[in-house]
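Everything numeric in this text was worked out from a predicted model, so none of it was measured.
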Amino acid sequence: MATATYPPPPPYYRLYKNYSDDPHSCPAPPPPIQGPYSLYGASYTTDDVLPGLEEQGVRQLYPKGPNIDFKKELRSLNRELQLNILELADVLVERPSQYARRVEDISLIFKNLYHLLNSLRPHQARATLIHILELQIQRRKQAVEDIKRYVTFAKLCNDMESVCFTIYQSCCISGDRRREEAQRLLTEALGTLDGQ
């Protein structure tokens with residue numbers, strides 16, 4: 001069987017050949033998958049639920065229930081991990097043939113630590129999203145303030161064309177350079193006004 005280096009696209013593209021003339025002539029996209037599905041031989045589900053440790057065959061070292069004090073339990077597991085690492089070092093020095101049980105204990109503690117941390121991921125994602133939105137609001141407020149200053153400057157100068165060009169130029173420069181350039185231009189313009 002011969003294969004091409006660059007095979008042709010699947011024939012589905014023909015269904016969309018009249019899209020630019022009539023966007024409603026194409027078939028609708030398939031609905032989102034709900035529930036379990038198979039992908040490359042592995043079974044997945046669309047439900048984002050963190051499986052419990054016991055479902056994975058791991059003994060849980062911290063209390064069960066919805067009201068877990070994550071900070072206290074993480075500290076407790078961290079101390080227990082440190083103790084087990086010190087005991088492992090002691091066992092390796094005195095009885096090297098008996099290290100396997102300590103390694104299993106450390107592995108169990110790590111699995112519990114990871115599970116506790118993974119159960120905090122939704123809270124972390126929510127806090128990160130809140131932080132990003134607050135930064136966006138702050139940037140937009142700063143942009144509004146910059147525009148208000150430019151408008152005030154334009155009213156003082158009575159030279160709207162040069163101010164619009166200055167605003168356009170400062171908006172084309174990205175990031176902090178834009179703000180520094182805009183502040184420099186504003187300072188120069190105010191200095192010019194004070195000199196008149």
Do [X] and [Y] have side-chain heavy atoms sitting under 4.5 Å apart?
X: Gln82; Y: Leu86; answer: no
X: Lys17; Y: Ser25; answer: no
X: Arg121; Y: Leu50; answer: no
X: Leu116; Y: Leu120; answer: no
X: Pro27; Y: Leu15; answer: yes
X: Asp105; Y: Arg102; answer: yes
X: Leu117; Y: Leu74; answer: yes

Report task. Give a yes or no answer on whether the side chain of Thr46 reaches the backbone of Gly35 with a donor-acceptor pair at less than 3.5 Å. Result -> yes
Report task. Could you tell me whether a side-chain N or O of Ser107 sits under 3.5 Å from a main-chain N or O of Val103, the two making a donor and an acceptor? Result ->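 No, Ser107 side chain to Val103 backbone: no donor-acceptor pair under 3.5 Å.
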Requested in this report: Locate the shortest heavy-atom distance separating Arg59 from Leu53; write the atom from each residue and the value.
Outcome: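 Residues Arg59 and Leu53, closest heavy atoms: O-CD1, 4.5 Å.
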How long is the span from the [atom1] atom in [X] to the [atom2] atom in [Y], to the nearest 0.5 Å?
X: Arg79; Y: Leu81; atom1: CZ; atom2: CG; answer: 12.5 Å
X: Leu108; Y: Gln60; atom1: CG; atom2: CD; answer: 10.5 Å
X: Ile106; Y: Leu113; atom1: CD1; atom2: CG; answer: 11.5 Å
X: Asn84; Y: Asp90; atom1: CG; atom2: CG; answer: 12.0 Å
X: Lys71; Y: Ser76; atom1: NZ; atom2: OG; answer: 14.5 Å

Query raised in the report: So, Lys64 and Glu54, do they make that salt bridge, N to O below 4.0 Å?
Result: yes
Requested in this report: For the pair Asn112 and His115, evaluate side chain to side chain contact (heavy atoms under 4.5 Å, CB included) and give the outcome as yes or no after the intermediate values.
Outcome: CA-CA 5 Å; Asn112 276 268; His115 191 268; 5.7 Å; no
Report task. Could you note down all residue pairs passing ring pair (Phe, Tyr, Trp, His ring centres under 6.0 Å) where residues 42-71 supplies at least one of them, sequence neighbours left out? Result -> Tyr37-Tyr44
Is the number of heavy atoms from other residues, nucleotides or ligands within 6.0 Å of [atom1] ([X]) greater than 12?
X: Gln138; atom1: CD; result: no
X: His123; atom1: NE2; result: yes
X: Arg95; atom1: CZ; result: yes

Report task. Please answer: with hydrophobic residues joined when any side-chain heavy atoms are less than 4.5 Å apart, are Leu83 and Ile109 in the same cluster? Result ->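 No: no chain of side-chain contacts under 4.5 Å links Leu83 to Ile109.
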Report task. Using distance alone, with no hydrogens and no angle criterion, decide if Gln142 and Arg139 have a side-chain donor and acceptor under 3.5 Å apart. Result -> no
